[in-house]
Visitor: 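Quick one: the structure is below, questions incoming.
It should be emphasised that the depicted structure is a prediction, and the values quoted were computed from it without experimental measurement. Per chain, numbering begins at 1; letters A, B, ... match sequence-line order.
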Number of protein chains: 2
Amino acid sequence: MSLPHAILTALIEKPSSGLELARRFDRSIRYFWSATHQQIYRELKQLEQAGLIRARDEEVVAQGQRKTYEVLGPGREELKRWVSAAQDLKPTRDPMLLRVRAAAVVGVDGLTGELEHHLAQHKRQLEEYLEIERRDFVDYTTAETRLQHLVLRAGVGLETFWIEWLTVALDTVRDVAP
Amino acid sequence: MSLPHAILTALIEKPSSGLELARRFDRSIRYFWSATHQQIYRELKQLEQAGLIRARDEEVVAQGQRKTYEVLGPGREELKRWVSAAQDLKPTRDPMLLRVRAAAVVGVDGLTGELEHHLAQHKRQLEEYLEIERRDFVDYTTAETRLQHLVLRAGVGLETFWIEWLTVALDTVRDVAP
DNA sequence: TCTCTCATGTAAGTCGTTACATGATTTC
DNA sequence: GAAATCATGTAACGACTTACATGAGAGA
């Protein structure tokens with residue numbers, strides 16, 4: 001039940017159309033919650049029906065016409081409620097860890113290539129985060145930017161962890177199957 | 001497409017019935033791939049139809065009768081293929097990071113309780129991992145145990161990261177909303 | 001016999017993915 | 001006027017979740 005709240009957050013930050021939202025998800029929100037434009041359109045419709053958001057230009061009904069959505073009072077209230085609601089940790093599902101475990105029983109043939117590939121992707125992602133940090137988080141003081149920076153630091157920390165782990169994993173895999 | 005491979009791995013490690021598999025997922029496999037017994041039974045049926053596994057006691061057909069599955073040759077081949085197949089990183093979806101981002105726009109009311117709750121859960125999980133490490137990974141040498149240990153170290157590293165991050169997050173949240 | 005646990009399963013619904021459809025606007 | 005892009009949407013499927021159903025055996 002997080003996608004509606006991701007959309008509410010994005011719309012409070014800046015009222016947008018479906019496609020603009022899809023682009024913002026692709027550009028930055030996907031770092032912690034990814035979504036395709038199909039998911040977004042479906043969810044926008046449901047949020048509008050639930051009275052949490054509304055389209056600004058209600059007169060435009062023709063298909064292909066841009067609709068800009070904004071968050072209504074009940075939408076903001078729902079988001080506040082959700083922020084502090086009790087939620088358990090969702091169960092882990094990491095295919096790479098599963099693959100290493102599988103390699104333990106069927107052999108590590110061909111695994112190094114995949115580990116290298118993932119290592120490269122995580123290094124690229126880390127660079128992207130550090131770039132954003134240098135660009136957007138120098139000399140800030142507001143509560144809002146401090147919290148946004150906190151989220152970015154999670155990204156930096158996670159990528160750093162995976163880079164270290166994959167490096168060790170590559171050493172181990174090369175060692176057990178030379 | 002990871003659940004069938006999680007099941008194949010578990011069945012190679014030790015042939016089991018559906019319920020035994022569900023218990024083993026709950027006990028250890030869930031650390032990197034969780035699954036419920038409903039998912040497992042459905043997948044077992046599909047794997048059997050695909051000829052990747054088979055029930056040992058084929059004569060027992062009555063409902064409620066225990067069926068022990070084992071992996072066939074094609075099942076092992078499929079797992080080998082999957083271990084080295086090219087796979088992209090799956091997109092991130094972390095509700096807690098999303099909540100902090102949402103708190104940046106609607107306020108941090110009630111968030112500390114949730115951060116504390118998650119911190120406690122991650123600390124408990126880390127302890128569990130370290131306990132397993134002390135118990136099962138002292139003085140080992142085989143390729144299999146080294147790879148299994150690698151997976152466990154990922155769990156330890158991730159929990160350690162989250163504990164550090166949540167601690168900083170709590171400081172920040174308390175600071176911006178005293 | 002009653003209840004509890006074991007073991008397998010069905011049903012319904014939500015969330016996410018992939019592929020495609022359609023009209024409007026801009027650009028050459 | 002043709003082609004590319006913008007913008008919104010439909011359809012179908014697969015993965016996962018939640019709740020419930022059913023029968024067998026074990027112990028009180």
Side-chain angles (χ1 to χ4, degrees), chain A residues 1-7 11 15-27 29-30 32-50 53-69 82 87-95 98, chain B residues 1-7 11 15-27 29-30 32-50 53-69 82 87-95 98:
Chain A
M1 296 295 297
S2 295
L3 178 57
H5 302 96
I7 291 177
L11 286 182
S16 307
S17 69
L19 194 61
E20 279 168 4
L21 273 179
R23 290 212 182 100
R24 289 171 57 201
F25 268 74
D26 246 27
R27 199 175 343 114
I29 299 173
R30 79 171 152 83
F32 46 91
W33 202 275
S34 73
T36 63
H37 82 274
Q38 290 85 347
Q39 280 179 278
I40 290 169
Y41 281 122
R42 196 193 331 185
E43 201 64 45
L44 282 171
K45 199 177 290 178
Q46 288 175 227
L47 287 168
E48 190 175 24
Q49 278 175 359
I53 63 173
R54 75 161 175 217
R56 271 181 176 169
D57 315 302
E58 290 171 45
E59 65 280 2
V60 182
V61 199
Q63 199 188 0
Q65 287 304 95
R66 170 204 189 79
K67 281 187 276 188
T68 301
Y69 290 95
W82 180 77
Q87 273 183 262
D88 276 335
L89 273 69
K90 56 157 198 179
T92 326
R93 287 209 178 93
D94 191 304
L98 189 53
Chain B
M1 296 297 295
S2 296
L3 178 57
H5 303 96
I7 291 177
L11 285 182
S16 307
S17 68
L19 195 61
E20 279 169 4
L21 273 179
R23 291 213 181 98
R24 289 172 58 201
F25 268 76
D26 247 28
R27 199 175 343 114
I29 300 172
R30 78 171 153 86
F32 46 92
W33 201 275
S34 73
T36 63
H37 80 274
Q38 290 85 347
Q39 279 178 280
I40 290 169
Y41 281 122
R42 193 188 334 173
E43 201 63 46
L44 282 171
K45 199 177 292 176
Q46 288 175 226
L47 286 169
E48 190 175 23
Q49 279 176 0
I53 64 173
R54 76 161 173 216
R56 271 180 176 170
D57 316 302
E58 291 171 45
E59 66 280 1
V60 183
V61 200
Q63 200 187 359
Q65 285 306 95
R66 170 204 189 79
K67 282 187 276 187
T68 301
Y69 291 95
W82 179 78
Q87 273 182 263
D88 276 333
L89 273 67
K90 57 157 198 181
T92 324
R93 289 207 177 95
D94 191 304
L98 189 53

Visitor: Which of these nucleotides, D/dG9, D/dC16, C/dT8, is closest to any side-chain atom of B/Ser17?
Guide: C/dT8
Visitor: Nearest whole angstrom, please: distance from the C1' of D/dA15 to the NE2 of B/His5.
Guide: 15 Å
Visitor: What is the distance, to the nearest angstrom, from the NE2 atom on B/His37 to the C1' atom on D/dA19?
Guide: 10 Å
Visitor: Could you report the tightest heavy-atom contact between B/Leu44 and B/Gly18, atom names first, then the distance?
Guide: CD1-CA, 3.7 Å
Visitor: Identify which nucleotide among C/dT17, C/dA7, D/dT8 has an atom closest to any side-chain atom of B/Arg23, counting heavy atoms from C-beta outward.
Guide: C/dA7
Visitor: Taking atom P of C/dT8 as reference, at what distance in whole Å does atom CD of B/Glu43 sit?
Guide: 16 Å
Visitor: Using a distance-only test with no angle check, is there a side-chain donor-acceptor pair under 3.5 angstrom linking B/Ser16 and B/Arg24?
Guide: yes
Visitor: Taking the side chain of B/Leu19 as its heavy atoms from C-beta onward, which of C/dA7, C/dT17, D/dT18 lies nearest to it?
Guide: C/dA7
Visitor: Between C1' on D/dC13 and CD on A/Gln38, what's the gap in Å once rounded to a whole number?
Guide: 13 Å
Visitor: Does a side-chain N or O of B/Lys45 approach OP1 or OP2 of C/dT8 to a distance below 4.0 Å, or not?
Guide: no
Visitor: Distance criterion of 3.5 Å, no angle test: do you see the side chain of A/Arg42 paired donor-to-acceptor with the base of C/dT17?
Guide: yes
Visitor: Need to verify one output field. Residue with the more 5' nearest nucleotide on DNA chain C, B/Tyr69 or A/Gln39?
Guide: B/Tyr69
Visitor: Specify the separation, in whole Å, of atom CE of A/Met1 and atom C1' of C/dG16.
Guide: 14 Å
Visitor: Any donor-acceptor pair under 3.5 Å linking the side chain of B/Arg30 with the backbone of A/Thr92?
Guide: no
Visitor: Quickly work out the B/Arg66 CZ to C/dG9 C1' distance and round it to whole Å.
Guide: 16 Å
Visitor: Give me the atom names and distance for the closest heavy-atom approach of A/Ile7 to A/Leu47.
Guide: CG2-CD1, 3.8 Å
Visitor: Nearest-Å distance, OH (B/Tyr41) to C1' (C/dT8)?
Guide: 5 Å
Visitor: Report the distance from atom CG of B/Leu21 to atom NE2 of B/His37, rounding to the nearest 0.5 Å.
Guide: 12.5 Å
Visitor: Record whether the side chain of A/Arg93 comes under 3.5 Å of the base of D/dT17 through a donor-acceptor pair of N or O atoms.
Guide: no
Visitor: Rounding to a whole Å, what distance do you find between A/Asp88:CG and D/dT17:C1'?
Guide: 14 Å
